[in-house]
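We count residues from 1, following the sequence as given.
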Amino acid sequence: MTTSLSTADLAAIDAHLSTTDDLLRTAYPGDDGSRQPVHTVYVPADRFTPELPTAWRRMVRDAVDDAGGLDAVAKLVGLDSALADEVVPRVREKLAVEPIEDLRIDFEDGYGDHGDAAEDAEAMRAAKRVAAAAGAGFAPPFIGIRFKSFEAETRARGIRTLDLFIGALVEHGGLPDGLALTLPKVSTVAQVEAAAEVMTVLERAHGLPHGRLRFEVQVETPQLVLGVYGSSPVAQLALAVPGRISGLHYGTYDYSAALGIAAQYQSMEHPAADLAKGVMQLAVAGTGIRLSDGSTNILPVGGRTADAWRLHARLVRRSLERGFYQGWDLHPNQLVTRYLATYAFYREGWPEASERLHDARTGTTGGVLDEPATVRALAGFVLRGVRCGAISADEVATATGIDEATLAELAHPKRHQEAT
C-alpha cells in the first residue's frame, strides 16, 4: 500500500523534532541503576570518629534489649507475627553487619561556627578519618560531608571546608567510591551553578576526572520550589548543571520554618511538605537525580521511646509508599525502625511482585496484564529490596528465574542499552 508521506516529509519531521530528541536523550537518561542508600545519618563533624557505626550499633542494640528484644519492637510498630518472622532476622543481621548505609559528617547546622582555625583542622581530620575507615574496609558504603551553604555569610567558609576535605582525601589515598557531598539551604539555580564551578576547579586541581565530584542539593527554602517570577527553580537544576547533582534532599525543619509553620506542626507529613516533595518528584522524574525525604526530630529516647518508634516507622513507610526511598536519621535508636519499616515494605510487596515478574518473563497470562513500564517498576522495587537486604538474590532467582544482573537490566533498560 502506498503511503502519503515522502522521505523528504519524514526528514523534515525528524529535523523539527531533533531538539526534542536531544533533550530527551540528555536531560532524561533515567536512573543509573546503582545502589541508593535507604537513609542518611547526620552527625556533627566534631563528633565523628571511624568507630561511629560500631558505637551506634551498640546503642541501638541496648535500646532494643531494654524494650524486650527486636520481636517486641516489631510488634510495637505494628508488624503482625507472620511478617515479623520474615523481617526480624533480616533486620538483626543488618544491624550487626551494616547499621549505617550513608553517613554525612555535618559542618553546617549540626556543627555551627567554631572559628576558622578549628573548622580547618576538623575538615582535614574528617578527611583523614574517612580515608582510614575506607582503607580498612569499615566505612559505610556512602560517606561524605555537608559543607556550609553558598549564602553570602557562609559561602567562603563552606568552599574552604570542601576544598580542604577533598584535598586531604586525595592526599591520604583518594576519594572513596561512595563519596557524598551535600549543599544545604539552596535558594537559586545560581548557587547550584556556583557549586558546580567549585567542583570543576577542584577536579582540575587534583587531577580528577570531570564529573567525579557530584553533590546533593538540599531543598529547604521556599524560593527553590517556587521562584520570584513564578517558575520552579528546582525544575531547572538538572539542565543547569548536567550530571553534577546526585540527589535532592528535603529539609523538613528549615523549609517548614521558612513558611511560618509553628514548631509543633513542623513534620514530614505536613501538607506543605507534601507539596514541596511533589514538586521535587516531578522536577527530577527521568533525570537520574534521586530523592530523599527529611527527618523527624521526635527521638526514641527516655519515656517517649515507644511513641517515637511508632511515629518513625510510620513516617518511613509513608515515604516509601510515595516513592521516596531514602530519608534522614538523626539518632542511633532510629536505625531499628528505619530497617523494620523498610524491610516490611519490601517483604509485603515481594510475593505479588515476584509472581508478576515471573509471568512477565515467561509470557504467562496472570491476573494482571503488566505494561513494560510496570514491569520496570516491579523490577526496580525488587532490586531495591535486594540492595538493602530485605530480599535475597537467591529468592529472586528461585521465584522468578531472574538473576540480579538481569533484574537490573529490566529495571533500567535505557542505561543498559547505552552501556552495550
Side-chain angles (χ1 to χ4, degrees), residues 35-41 53 56-102 140-141 268 293 295-296 300 305-329 331-357 377-400 404 407:
R35 178 183 177 184
Q36 180 180 7
V38 302
H39 70 168
T40 301
V41 164
W56 277 45
R57 178 192 299 120
R58 290 171 181 157
M59 292 173 69
V60 70
R61 180 194 62 199
D62 290 346
V64 168
D65 288 347
D66 288 345
L70 199 49
D71 287 289
V73 180
K75 182 177 180 180
L76 175 72
V77 300
L79 273 62
D80 62 44
S81 58
L83 182 59
D85 286 345
E86 294 187 50
V87 168
V88 166
R90 291 173 169 87
V91 172
R92 183 176 291 114
E93 180 180 4
K94 181 72 170 182
L95 291 172
V97 174
E98 192 180 72
I100 296 176
E101 290 195 358
D102 184 20
M268 294 161 60
D293 210 335
S295 61
T296 175
T305 297
D307 288 341
W309 267 338
R310 291 189 190 97
L311 173 65
H312 186 244
R314 182 174 63 77
L315 290 174
V316 171
R317 176 63 182 241
R318 185 179 190 273
S319 297
L320 290 166
E321 291 178 355
R322 285 157 176 75
F324 280 71
Y325 298 106
Q326 185 175 351
W328 295 8
D329 290 327
H331 190 276
N333 293 353
Q334 290 180 328
L335 297 180
V336 63
T337 36
R338 170 67 60 182
Y339 293 122
L340 283 171
T342 298
Y343 282 24
F345 173 74
Y346 288 111
R347 296 305 307 182
E348 283 184 306
W350 161 243
E352 182 177 350
S354 63
E355 182 178 351
R356 290 166 69 177
L357 278 176
L378 288 166
F381 170 87
V382 174
L383 184 62
R384 288 181 181 277
V386 170
R387 294 269 171 82
C388 74
I391 303 167
S392 74
D394 287 343
E395 283 182 284
V396 178
T398 300
T400 68
E404 187 172 348
L407 187 67

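- Between T305 atom OG1 and R310 atom CZ the span is 11.0 Å, to the nearest 0.5 Å.
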Does the pair V38 and Y325 meet the rule for a side chain to side chain contact (heavy atoms under 4.5 Å, CB included), with working shown?
CA-CA 6 Å; V38 302; Y325 298 106; over 6 Å; no
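- Here CD of E86 is found 10.0 Å from CD1 of I391. Values are rounded to the nearest 0.5 Å.
- You'll find the side chain of R317 stays beyond 4.5 Å of the side chain of T337, heavy atoms only.
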Go through it in stages, so that I can follow the logic: the residues are L357 and L407, the test is side chain to side chain contact (heavy atoms under 4.5 Å, CB included), and I'd like the CA-CA distance, side-chain angles, deciding distance and then a yes or no.
CA-CA 10 Å; L357 278 176; L407 187 67; 4.1 Å; yes
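- Heavy atoms from other residues, nucleotides or ligands lying under 6.0 Å from CZ of R35 number more than 12.
- Note on residues 378-398: pairs passing salt bridge (charged side-chain N to carboxylate O under 4.0 Å, His left out), not counting sequence neighbours, are R90-E395, R347-E395, R387-E404.
- When the ring pair (Phe, Tyr, Trp, His ring centres under 6.0 Å) test is applied to F381, the partners found at least two apart in sequence or on another chain are F345, Y346.
- To the nearest 0.5 Å, atom CG of residue L70 and atom CG of residue D65 are 9.5 Å apart.
- Between P99 and V60 there is no side-chain heavy-atom pair separated by less than 4.5 Å.
- Looking at P140 and E98, their side chains never come closer than 4.5 Å, going by heavy atoms from C-beta outward.
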Steps toward side chain to side chain contact (heavy atoms under 4.5 Å, CB included) verdict (R61, R57):
CA-CA 6 Å; R61 180 194 62 199; R57 178 192 299 120; 5.5 Å; no
Stepwise side chain to side chain contact (heavy atoms under 4.5 Å, CB included) test for Q326 and D102:
CA-CA 10 Å; Q326 185 175 351; D102 184 20; 3.7 Å; yes
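- Counting heavy atoms from C-beta on, the side chains of L335 and M59 never come closer than 4.5 Å.
- A salt bridge between R338 and E101 is absent, with no side-chain N of the basic residue lying under 4.0 Å from a carboxylate O of the acidic one.
- Residues W350 and V396 have side chains in contact (heavy-atom distance under 4.5 Å, counting atoms from C-beta outward).
- With no hydrogens or angles considered, a side-chain donor-acceptor pair links H312 and D329 at under 3.5 Å.
- When side chains are defined from C-beta on, L378 does not count as touching V382, because their heavy atoms never get closer than 4.5 Å.
- To the nearest 0.5 Å, atom CH2 of residue W56 and atom CD of residue Q334 are 7.5 Å apart.
- With sequence neighbours excluded, the residues forming a ring pair (Phe, Tyr, Trp, His ring centres under 6.0 Å) with H39 are Y339, listed by chain and number.
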